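Notes for the one structure printed next.
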There are 2 protein chains.
Amino acid sequence: MEPLNPRIKPVRMGRRKIVIQRIDNVTSRQITFSKRRNGLLKKARELAILCDAEVGMIIFSSTGRLNEFASTWLDSTS
Amino acid sequence: MEPLNPRIKPVRMGRRKIVIQRIDNVTSRQITFSKRRNGLLKKARELAILCDAEVGMIIFSSTGRLNEFASTWLDSTS
DNA sequence: ACACCTATGTATAAACC
DNA sequence: TGGTTTATACATAGGTG
């Protein structure tokens, strides 16, 4: 490792372990919500395709915004 | 690597990359369904707790079996 | 609020029990 | 059918732009 020199940028911290409990900081909570919602929807899609299952999901964010996903039979676009 | 000797157990394959498409083999599909359904439900719970969100999910397996999850307001046990 | 980055934790495909 | 193990792929926290 290089010696700590204040003129040199600090190294990235990388990921930290978290505990599953409500995130108090509003900004962090919204960021985490956005990321994890996308991950959850992706996994729902994968489950539906891989396993030929029907999956429906509705998510209300803490601000009241609605997100939904349906693999097939509730999908009005099909 | 060791040479292939039939008297020696083959090494574990570990995980392989998969393509997201319907799993044809019924047994594999059911095993994958069981594992991924559990993973999906866990992530739904985490999202609800971490981000103070409301999440509802229903899953029908290809054999018609129903699984459901609701973080709060549809939960008759609360 | 969104996209990208990367170190690190988590999910999971195969195999075996 | 469900649990365990292990190697590897994937998700993601924290940071930056």
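Sequence lines set the chain letters: A, B, ... in the order given, protein chains first and strands last, and positions in each chain run from 1. None of these values were measured; they are calculated from a predicted model. Side chains included, hydrogens not; waters and symmetry mates left out as well; all remaining heavy atoms used.
Residue B:Arg36 places at least one side-chain N or O under 4.0 Å from the OP1 or OP2 atom of C:dA13. In terms of phosphate contacts, A:Lys43 brings a side-chain nitrogen or oxygen within less than 4.0 Å of OP1 or OP2 of C:dT12. The shortest distance between the side-chain N/O atoms of B:Lys17 and the OP1/OP2 oxygens of C:dT12 is not below 4.0 Å. OP1 or OP2 of C:dA13 sits under 4.0 Å from a side-chain N or O of B:Thr32.
Distance CD1 (A:Ile31) to P (D:dT16): 12 Å, rounded to an integer number of Å. In this structure, the NZ atom of B:Lys42 is 11 Å from the P atom of D:dT12, given to the nearest Å. Rounded to an integer number of Å, the gap from CZ of B:Arg16 to P of C:dA15 is 7 Å. In this structure, the CZ atom of A:Arg37 is 15 Å from the C1' atom of D:dA11, given to the nearest Å. Atom C1' of nucleotide C:dT10 and atom CG of A:Leu40 are separated by 15 Å, given to the nearest angstrom. Residue A:Ile18 contributes atom CD1, which lies 12 Å from atom P of C:dG9 at whole-angstrom precision. When rounded to the nearest whole Å, the span between CZ of B:Phe33 and P of D:dT1 equals 12 Å. At whole-Å resolution of the value, CG in A:Leu50 and P in C:dA11 are 17 Å apart.
Partner of B:Cys51 under the side chain to side chain contact (heavy atoms under 4.5 Å, CB included) criterion, out of B:Leu47, B:Val55, B:Ile49: B:Leu47 alone.
Remark: A:Ser34 engages no residue in a side-chain hydrogen bond (donor to acceptor under 3.5 Å, both in side chains) (not counting sequence neighbours).
Rounded to the nearest 0.5 Å, atoms CD (A:Glu46) and CG (B:Leu40) are 10.0 Å apart. Taking CD from B:Gln30 and OG1 from B:Thr63, the interatomic distance works out to 6.5 Å, rounded to the nearest 0.5 Å. Taking CD of A:Glu54 as the start and OG of B:Ser61 as the end, the distance is 10.0 Å to the nearest 0.5 Å.
For B:Thr27 and B:Glu46, each mapped to the nucleotide of DNA chain D holding its nearest heavy atom, the one lying further toward the 5' end belongs to B:Thr27. Where B:Arg65 and A:Asn38 meet DNA chain D, the nucleotide closest to each residue was compared, and B:Arg65 sits on the side nearer the 5' end.
With the end axes of the helix from C:dC2-D:dG17 to C:dC17-D:dG2 each set by five pairs, the angle from one to the other reads 40° at 10° resolution.
Heavy atoms of other residues, nucleotides or ligands lying less than 6.0 angstrom from CZ of A:Arg65 number 12 at most.
No continuous path of hydrophobic side-chain contacts links B:Val26 to B:Ile23 [ILVMFWY only; heavy atoms under 4.5 Å].
Residue A:Ser28 is out of contact with every strand shown, counting any heavy-atom pair closer than 4.0 Å.
In the interface, the side chain of B:Lys35 is not paired with the base of D:dG2 through any donor and acceptor atom under 3.5 Å apart.
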